[in-house]
Amino acid sequence: FVPSKIDVQVGENIVLNITRKTDSTCAKAVTVPSLNLKKDLPLNKMVSLKLGKLEKGEIKFGCGMGMMVGAVILVQ
């Protein structure tokens with residue numbers, strides 16, 4: 001996932017827009033375990049993942065298989 005770190009402000013309504021650009025990856029879905037979210041990522045189509053308003057801290061997300069952490073959202 002690029003970028004691997006995203007900085008956001010507490011209280012902002014957060015939406016991640018993700019486009020999978022390769023078929024040779026395990027990231028055919030994205031998960032945000034701490035928010036109990038999972039969404040399929042079709043090839044070359046933008047998918048919006050609504051995270052809502054986040055509290056201060058780190059939110060990790062990654063592939064649908066849970067094998068890799070793709071990025072960290074830092075809520076400040």
Side-chain angles (χ1 to χ4, degrees):
F1 293 92
V2 177
S4 61
K5 182 180 131 190
I6 303 165
D7 293 311
V8 300
Q9 298 297 312
V10 170
E12 287 183 357
N13 199 19
I14 305 302
V15 177
L16 292 179
N17 293 312
I18 303 169
T19 304
R20 179 169 62 96
K21 295 183 178 183
T22 181
D23 206 24
S24 58
T25 178
C26 70
K28 294 181 181 175
V30 61
T31 60
V32 185
S34 64
L35 299 177
N36 199 29
L37 294 175
K38 182 176 182 179
K39 199 154 193 180
D40 289 335
L41 298 174
L43 186 61
N44 295 318
K45 289 190 176 183
M46 187 178 74
V47 172
S48 294
L49 187 62
K50 297 177 183 178
L51 304 181
K53 295 180 181 179
L54 303 174
E55 295 182 14
K56 187 174 184 176
E58 285 186 0
I59 305 291
K60 296 179 181 179
F61 65 93
C63 76
M65 296 171 55
M67 295 175 55
M68 73 171 189
V69 173
V72 175
I73 301 169
L74 298 175
V75 186
Q76 301 175 26

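These values consider heavy atoms only, across backbone and side chains, with no hydrogens, waters or symmetry-generated copies.
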Under a single-linkage definition using a 4.5 Å side-chain heavy-atom cutoff for Ile, Leu, Val, Met, Phe, Trp and Tyr, are I18 and L35 assigned to the same hydrophobic cluster?
yes

Is a side-chain N or O of T22 found less than 3.5 angstrom from the main chain of S24, in a donor-acceptor match?
yes

Pairs flagged by side chain to side chain donor-acceptor pair (under 3.5 Å) wherever residues 2-16 is involved - sequence neighbours left out:
D7-Q76

Show every salt bridge (Lys or Arg N to Asp or Glu O under 4.0 Å) that has at least one partner inside residues 20-39, sequence neighbours left out.
R20-D23, D23-K28

So, using side chain to side chain donor-acceptor pair (under 3.5 Å) as the criterion, who are the partners of N36 when residues are at least two apart?
none

Could you pull out all donor-acceptor pairs under 3.5 Å where a side-chain atom in residues 47-66 meets a protein atom, sequence neighbours excluded?
from, atom 1, to, atom 2, distance (Å)
S48, OG, N17, OD1, 2.6

Close side-chain approach of I14 to I6, heavy-atom, < 4.5 Å
no

From F1 atom CZ to L16 atom CG, the distance as rounded to the nearest 0.5 Å
9.5 Å

Heavy atoms of A27 and L41 approach each other most closely as O-CD1, 3.6 Å

